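What follows is one structure encoded as structure tokens, with my remarks underneath.
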Amino acid sequence: MDFAPKWMAWEISRRCNFACVHCRSSSEMVAAEHPDVPLAEAERILDDIAAYASPVVVLSGGEPLLHPDVFAIARHGDALGLRMCLATNGSLVDDGICQDMRRANIKMVSLSLDGAHPASHDDFRGQAGAFVGVMRAMELFRRHGIPFLVNSSFTKRNQTEIPQVYRLVKSLGAVAWYMFMIVPTGRGEEIMDELIPSDVYDEILAWHYQTEKAEHELLMRPTCAPHYYRVVRQMAKKEGERFTQRSLRFSTGGSKGCLAGQLICLVDVDGFVLPCSYFPLAAGSIRRQSFREIWETSWIFQQLRDFSQYKGRCGRCEYINVCGGCRARAYAVSGDYLAEEPFCSYQPGLKQAQAMVSA
């Protein structure tokens, strides 16, 4: 099956007890216009997905632990043979929640840590006590033997803490650390001026390359930074090395950049299937179509899979097959999801052109 979905996030609730500055869905504690996915509908959706493919399914939000049937949904997916995971801010985790996770056979939990100190993390999450809460959740997961990974999102306000966050995550027993580079959608549109500029972006990706190369315990990978896969090839070639990455069974894919609509997708709380969590255009409705029909025939997915339609520097780039540029970020900045990646500084073919001029 070509382009079989390997991973999907599922927004089962848009309600959240936090107000994170970058929230893609602008979640709030009350989401009257976007009610939680009912259990019966959730089970039908899982049946539909499992009849076609076997992706990792990450129960997400909002805060999925606010959904009254979150573990019933997880158990149903598990019974179908799906690898059920969960993404939480950690604030609601206690011993009882951990026991429910074990009974539901949750395979992996993802948490967010956006600062090495309470002040920076709480500021990013819009909630006093958020740092204490996520630290407590990780301690509980260790105690109950529940594997967890950590996502960390960065803008100008917290970029100086990246190395500290990495070291902290490593000390906390996480399986993996994913460094997120912000895509300005949802509430994130309000912090457009905080996005890390492309030259600093490249410096951070170079730091990640050197750190990952030396790391032998913690799995790490930048997310929403597809040009990292260009950077690692350039740096490895310069150093005369062959760079390889270890893979995580529950990650969003291997050594490749943007996977939106190619190997991953999001199902939102209203039943719309989107190419990724940050891509605001729907490819179809799982309430009106089968998942298979959407995945195989959506014109948005078809365009994302056809690199010949990509524009600007992305369309000319020799790294298009391993990078692809962030399609959601291109759309957020330009209004065209086939446009060039706006936070990539690379000029395709520049060295070859300079060599021709010199000759």
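Residue indices begin at 1 and follow the sequence shown. Please read these numbers as outputs of a predicted model, since none were measured by experiment.
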In short, salt bridge (Lys or Arg N to Asp or Glu O under 4.0 Å) pairs touching residues 145-156 with sequence neighbours left out are none
Residue pairs involving residues 160-170 (criterion salt bridge (Lys or Arg N to Asp or Glu O under 4.0 Å); sequence neighbours excluded): K170-E215
Quick one: list whatever passes ring-ring contact (aromatic ring centres under 6.0 Å, His included) with [X], sequence neighbours left out.
{"X": "W10", "answer": "none"}
{"X": "F180", "answer": "none"}
{"X": "F279", "answer": "Y337"}
{"X": "Y201", "answer": "H227"}

Set of side-chain hydrogen bond (donor to acceptor under 3.5 Å, both in side chains) partners for R142, sequence neighbours left out: E139
Cut-off 3.5 Å, side chains only: do Y346 and E318 have a donor facing an acceptor? yes
Between D47 and H76, a side-chain donor and acceptor under 3.5 Å: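 Yes, H76 and D47 have a side-chain donor paired with an acceptor closer than 3.5 Å.
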Does the side chain of R327 come within less than 4.5 Å of Y278's, by heavy atoms? no
Determine, step by step, whether E341 and R230 satisfy the salt bridge (Lys or Arg N to Asp or Glu O under 4.0 Å) criterion, reporting the C-alpha distance in whole Å, the side-chain angles of both residues, the deciding distance to 0.1 Å, and the verdict. CA-CA 13 Å; E341 159 67 63; R230 181 234 334 144; over 6 Å; no
Taking only distance into account, with no hydrogens and no angle test, what donor-acceptor pairs under 3.5 Å do side-chain atoms of residues 131-138 form with protein atoms, sequence neighbours excluded?
{"from": "R136", "atom 1": "NH2", "to": "S91", "atom 2": "O", "distance (Å)": "3.3"}

Can you list the residues that meet the salt bridge (Lys or Arg N to Asp or Glu O under 4.0 Å) rule with [X], with sequence neighbours excluded?
{"X": "D69", "result": "none"}
{"X": "E293", "result": "none"}
{"X": "D100", "result": "R103"}
{"X": "D48", "result": "none"}

With under 30° as parallel and over 60° as perpendicular, where do the rings of W177 and Y166 fit, or are they tilted in between? tilted
